[in-house]
Structures are given as C-alpha cells and as structure tokens.
Amino acid sequence: MGVVVGVTRVSLTGILFALILASPAALAGVLPEDRADALYHSYDGGGVEVTGPSYLVRKGNNKSYSASVNYYVDSISSASVDVLTQGSPYNEQRTQWTGSIDYLHADTTMSAGYSNSDESDYKSDTYNFSLSQAMFGDLTTVTLGYAYGDDDVSSNVDSTFERSAEHRNYHVSLTQVLTKDLLLSLNYDAVTDKGYLQNPYRRVRVQNDPFDPSAGWNFNTPETYPDTRTSNAFSANFMYYLPYRAVVKGGYRYYTDDWDIDAHNAEIGYIHPLWDRWVVEFKYRYYQQTDADFYSDLFQFPNQQNFMGRDKELSEFHDNTLGVALSYDVFEHGWGYLEKATLNFTYNRIWFDYDNYTDARQTVPPEYDFTADVFQLFASVWY
Amino acid sequence: MKLAGILLTSILFLLGGCSNIEPWVKPYERAHLADPIMSFGRDPVADSYMNHIYQVREGARGAEGGHGGGCGCN
Amino acid sequence: MITLTKTIRQAVRAVAISSLLIAGTAYADINAGPAPDFTLKNQAGSNLRLSEFRGEVVMINFWASWCAPCLQEMPLLDELYTQYQPMGFTILGVNVEEDSTKARQLLKNIPVNFPVLFDNSSDVSKLYNVVAMPSTVLVDRDGNIRYLHQGYKPGYEESYQQQVRELIKE
C-alpha cells in the first residue's frame, strides 16, 4: 500500500473568514439578523470529491447581543494527481464547529469567536476578537480584528509524528457609503504562520540521475518548508445599485508573502431580482499567482535547496471561475414566526491551469489542468 | 506587522480629526442601501464556503470579500 | 412678500431645530421651540396639517419599510396611541420613502390606528433634519418640540410612555 498523501489543510484564514462572516461587521446600531441556514455543499474536481453539510443558527436579543453557531463537515474522497502519483486514494472527514457572539453598544460592536477543526491527522483551535465602529452618521464603518490559531499536526502513517503550528491574523477593514447607490469596502489582512507548515505525506519529485533527465524521477524525498510565513493582502470591493433594482459588484485583491508568492485576483458580479420572488446572480472571477521560491515541479538533486516543495498550491498558475446563483423567496411576506425564508442554489465552475506543475502520471508529464464543479443547495430562514 | 500598525494608526488619526463631517447620504435616502441585495454578506454561510474552496486550492489568503452595508438604522 | 418672509422664518427655525436635533440627546426635555408646520397626505389621500393638532400632544415618528427597528417599534406606538388618544394625544407616522408602494403594502398586513403620512419628496424629513432612522419627536399642546428620540431599541417605549403622560398632564 502506498503512502497516503493527506488532504490539503484547512488554512487559518478560511476559519477566520468564517468567523468574521459569522459575526458580520454590523453597521451601527443593528446587530446581524437572526437567521438559520442549512446548506449542502459539493466539490468535484481533479479527482477530489468533497461534500458535506453546513448548518448555522444565529439568535440575538435584538438589543445588544447576538450569538451564532456553525457546524460544518467536509467528507473527502481523494484521488488527486498527488495522491495517485505518491500514494493511494483515501477517504477522510473533517468536522468544524464555530461559535461567536456579538455585543452592541451605541455605535460599537464587539465580537468574539472560537472555532475548532478536527480530522484524523490535523486539529486546530482558532480564537478571534474584533471591534467595529460606525461613524459619520453610519456612513463609515471601521473594523479591527485579531485571530490566533493553534494547530496540532499528526500523521496517519506514523503514530509517533507530532508537530504544531501557530497562526496570527491582523485584520483591518473600512466600509464606506459613497453615495445612496454605492458602497465601498477596503480590507487588509496580515497573517503570520510559525511551525510545521507543510504536509507530512507529500514528497518532491527528483531526477533519478541529476545529469540525465531521461533516466526518470522518483518521489523518495520528503518536502521541507520554511517554518515561518508572513503575508499581506489588500482588497477593494464595491457594490453599485442600478436604478431598475439590480446590483453590479466587483473587487480586486493583491496578495504577497515572504515565500515569494504574488497573487492578483479580480471578480465581477451582477445581481438581478426577477419577478417578485426570484433573485439571480452571475459572477466571474480570475486568479493568478507566482510560485513560491522553494517550489519546483522537478528537482535535480535531493538536497538541492534548504527548502523544497511541490505542492501545486504553491506553483505558478491561474484559475477562472464562472458562477451562477438562484434564490427563491418562499413566502414573500413571511409566515407566522418566520420573517422570511429562501431556497437557494449556486453553481460554480473553476478552470485550474498550472504553468509549472505537471501531471507526473505520464512519462513526459504535461502541464496539469483540471476543472472543478462546485454546487451549493441551501435553505435560509429569518425569524 | 509594522505595516498593520502604521495603517491602523493612520486610519485612526484620519478619522479622529473628522468628527464634524455631516453625513452626505441622509438616513431617509438609504432605501437602496437597506435592500438585501445590496449587502456584501447576503448569504454568509455560502460565501464562507466559497472562500474556503479558494483558500484550500490557492496560495493566497486574507482580504477576501467585503463587509457591511445596510440601512444604518439606530 | 408674505410667503418669502414665511419661508425665511421657516428656514431659520429649521436651522435652529437642526442644530438642536444634532446635539439633542434622548430623554432630555430639550424645549426646542415651535415644531415646524407641514402638510402631508395621509393613507386616504387627504391633506393633514400639523397645526391642526394644536392643543393635543403630538408624536411625529419618521419611519421606512426597509428599517427593521422602525417596524419593531410600530405596534408599540399603536398601543400607546390607543391608550392615550382619548386624553388628547395623537401619533403622526411619517413615512420617508420616495415610493410609498412597500409602505402601503406593509400597512395592509400590519395596520395601525394612528394617521400615516407620506413624505415622498423628503421635505419634512429635511425640515426636521432627520439624522437617524427611526426618529421620534414629541410636540406639546402648544406646538413646541419637547423630546427627541433617535433610533429605536427595545425599552425606548417606556420613556415614550413616561414623556407622553407628562405632556398630557400639562
């Protein structure tokens, strides 16, 4: 039996974003709305299938407190290119619990949250705190956030393997009402990671003979990553209300880190209400990144560099997404205790194109590319 | 981290000196901003999931999406 | 000429009230002088004028269909109206929306007993310098502004009741 190549780690900011969304930066004086969501998600691409539920319940006292709980599961069935070239297909389950509370006083909202993610070879605890202040008659909201994550990394193949990693995230955002039809949101995140930041299973591809590429390659050498990583990301997002009742939105993000990865992504979307109860949304997203300075698809020597990695996530690549979402308002004017209920469906297709990561299943590995289908089906109620 | 600190302090200084700016969008003009379709976080659970998808498969993290919006009530 | 002086007087009064309303805190008897007069159409389409209610205590409540705290507050205001109306109290619900369709639909589903007026051109909102949603202004029997509440949080209705009773007794 080959070596299991573990599932890609849920990264800290993924949970952080979930936490920040769990307690959305409230415009002054109004806590996030009471609501419950039941969602089913499905990802299928590049030999990896991940499905699962996500449940959220949020309730407040309408005056000063609001609390939420989210339960999320990823059921993973992985036969990705890495897995097929270095190990054998595997199944895995990751469970994540997130809780948060918000406290509102006049124009200030304070939020605190905790998240726990658990799978057979990776456990993480994340704590976050944020402060949100509205000013200028609620036209401006500034949010500051801090999150700390603590991970325990283990291995499904080596029971003695135990490592840890720490993450810190500093977040600043500013939301500005520019006109009665235009909203702008600026965001900044600085993240530092420290500790064991790699995958315990993955190996790098090394030439069998450093001076003869035709002699083939092997996956005998494990990856070695730096034990720190610092990144900065800036984004600007806008929403513009069209006179006939529709919204056009867009955003751009720039990312840079000390692993030498530079990324840009831009997104545009269009939201259009249809008839009385439907809302349809279209989106396009483009992403591109440069590779990490210690990344290579094929190394000449097994000890070529201090740090060596072959995770396609760190390669030079770009991806395109086209997405559509449909929402149906079930009651139009509520029903008893329920203020509103919606049924929703979203579909996104993502085309991944790698510039310097190859599909090593073939003797002359071509540049790798794959498409992913991502679905979500969910119901939301407001009460 | 230094960059974060500088950014933070500059924002706070800027905003501290601007306390007498009159809101140019009146509360009774906020009908569009209060429309649910004009909210950055309209479906937080779905947005959070899509961000997770991208974070897991891309190298970049942070500064995803926008926050806020709304009626500015109270 | 007469209309011009009247307009100037109204403007001066509006500015005076504006400055007080910006600085105004809820719960303090601000005694901000005469409430600017206005005329708006009610649900039935007839004109209603503020000065018609001289001699009664008037609560002017600025609201909108998209404002959740406003909608939370309305049934409580309706209770207040039913209770104190026989003693010389009225509420004028001023809807601030350019398009009254949503508001009218709402009132069909959650009717209230007090008069609802439609400020489609935002003239009255500007006159009273509404800076928060909802905004509630209490006017005494002599037509003077006495109390101002900006926003609504559960519990505000207690002070509304207190202040209405006080003004009724005068």
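Per chain, numbering begins at 1; letters A, B, ... match sequence-line order. Only this structure's heavy atoms are used, side chains among them; waters, hydrogens and symmetry mates stay out.
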(request) Taking all heavy atoms of B:Glu58 and all of A:Gln289, pick out the closest pair and write down the distance. (result) C-OE1, 3.9 Å

(message) Please classify the contact between A:Phe238 and chain B as side chain, backbone, both or neither, with a heavy-atom cut-off of under 4.5 Å.
(response) backbone

(request) Applying salt bridge (Lys or Arg N to Asp or Glu O under 4.0 Å), run through A:Arg35 and B:Asp43 and close with a yes or a no. (result) CA-CA 10 Å; A:Arg35 64 184 290 167; B:Asp43 286 310; 3.3 Å; yes

(request) Indicate yes or no: at least one non-hydrogen side-chain atom of A:Met239 is less than 4.5 angstrom from one of B:Ser39. (result) no

(request) Looking only at non-hydrogen atoms, find the nearest pair between A:Tyr287 and B:Ala60 and report the distance. (result) OH-N, 3.2 Å

(message) Do A:Tyr240 and B:Met38 make a side-chain contact, defined as non-hydrogen atoms from C-beta onward lying under 4.5 Å apart?
(response) no

(message) Before you tell me yes or no, could you show the steps for A:Arg245 and B:Asp35 under salt bridge (Lys or Arg N to Asp or Glu O under 4.0 Å), namely the whole-Å CA-CA distance, both residues' side-chain angles and the distance that decides it to 0.1 Å?
(response) CA-CA 9 Å; A:Arg245 193 173 179 237; B:Asp35 194 326; 2.7 Å; yes

(request) Can you tell which part of A:Tyr72 gets under 4.5 Å to a heavy atom of chain B, answering side chain, backbone, both or neither? (result) side chain

(request) Spell out, as yes or no, whether a donor-acceptor pair under 3.5 Å connects the side chain of A:Trp259 to the backbone of B:Gly59. (result) no

(message) If you apply the rule side-chain contact (heavy atoms from CB on, under 4.5 Å), what do you find for A:Phe378 with B:Val45, and how did you get there?
(response) CA-CA 9 Å; A:Phe378 63 102; B:Val45 182; over 6 Å; no

(request) Select one option (side chain, backbone, both, neither) describing which atoms of A:Asn265 are under 4.5 Å from chain B's heavy atoms. (result) neither

(request) Heavy-atom pairs under 4.5 Å with chain B are the metric here; pick the option from A:Ile261, A:Asp257, A:Val374, A:Leu314 that has the most. (result) A:Val374

(request) First locate atom OG of B:Ser48, then atom CG of A:Asn70, and finally report the distance between them rounded to the nearest 0.5 Å. (result) 6.5 Å

(message) Need one label for A:Asp319: side chain, backbone, both or neither, based on atoms under 4.5 Å from any heavy atom in chain B.
(response) side chain

(message) Counting C-beta onward and ignoring hydrogens, is there a side-chain heavy-atom pair between B:Arg61 and A:Asp193 closer than 4.5 Å?
(response) yes

(message) Looking only at heavy atoms and a cut-off of under 4.5 Å, which of A:Tyr254, A:Tyr241, A:Phe352 has the most pairs with chain B?
(response) A:Tyr241

(message) Among A:Asp291, A:Asp262, A:Asn237, which residue has the highest count of heavy-atom pairs closer than 4.5 Å to chain B?
(response) A:Asn237

(message) What part of A:Asn344 gets within 4.5 angstrom of chain B, counting heavy atoms only: side chain, backbone, both, or neither?
(response) side chain

(request) Work out which heavy atom in B:Ile37 is nearest to a heavy atom in A:Pro273; give both atom names and the distance. (result) CD1-CG, 3.8 Å

(request) Applying side-chain contact (heavy atoms from CB on, under 4.5 Å), run through B:Tyr49 and A:Tyr43 and close with a yes or a no. (result) CA-CA 11 Å; B:Tyr49 172 67; A:Tyr43 169 93; 3.7 Å; yes

(request) Check the pair A:Glu313 / B:Arg57 against side-chain contact (heavy atoms from CB on, under 4.5 Å), numbers first and verdict last. (result) CA-CA 6 Å; A:Glu313 190 182 315; B:Arg57 289 165 187 85; 5.8 Å; no

(request) Check the side chains of B:Tyr54 and A:Thr321 for a donor-acceptor pair under 3.5 angstrom, ignoring hydrogens and angles. (result) yes

(request) Measure distances from A:Thr179 to the heavy atoms of chain B and classify the residue's part below 4.5 Å as side chain, backbone, both or neither. (result) backbone

(request) Identify which part of A:Gln133 has an atom lying under 4.5 Å from any heavy atom of chain B, answering side chain, backbone, both or neither. (result) neither

(request) Pick out which of A:His41, A:Gln376, A:Arg285 makes a side-chain contact (heavy atoms from CB on, under 4.5 Å) with B:Met50. (result) A:Gln376

(message) Counting only non-hydrogen atoms closer than 4.5 Å, does A:Asp181 touch chain B with its backbone (N, CA, C, O), its side chain (CB onward), both, or neither?
(response) both

(request) Just do the side-chain contact (heavy atoms from CB on, under 4.5 Å) check on B:Glu64 and A:Ser235 with the steps written out, would you? (result) CA-CA 7 Å; B:Glu64 293 101 340; A:Ser235 76; over 6 Å; no

(message) If I measure from the heavy atoms of chain B, does A:Ala236 come under 4.5 Å with its side chain, its backbone, both, or neither?
(response) neither

(request) Against chain B, label A:Thr346 side chain, backbone, both or neither, depending on which of its atoms sit under 4.5 Å from a heavy atom there. (result) neither

(message) Contact between A:Val177 and B:Arg30 at the side-chain level, heavy atoms closer than 4.5 Å - yes or no?
(response) yes

(message) Given heavy-atom pairs under 4.5 angstrom as the criterion, report whether the side chain, backbone, both or neither of A:Glu33 touches chain B.
(response) neither

(request) Examine distances only and state if a side-chain atom of A:Arg253 and a backbone atom of B:Gly62 form a donor-acceptor pair shorter than 3.5 Å. (result) yes

(message) Could you tell me if the side chain of B:Ile53 sits less than 4.5 Å from the side chain of A:Ile350, heavy atoms only?
(response) yes

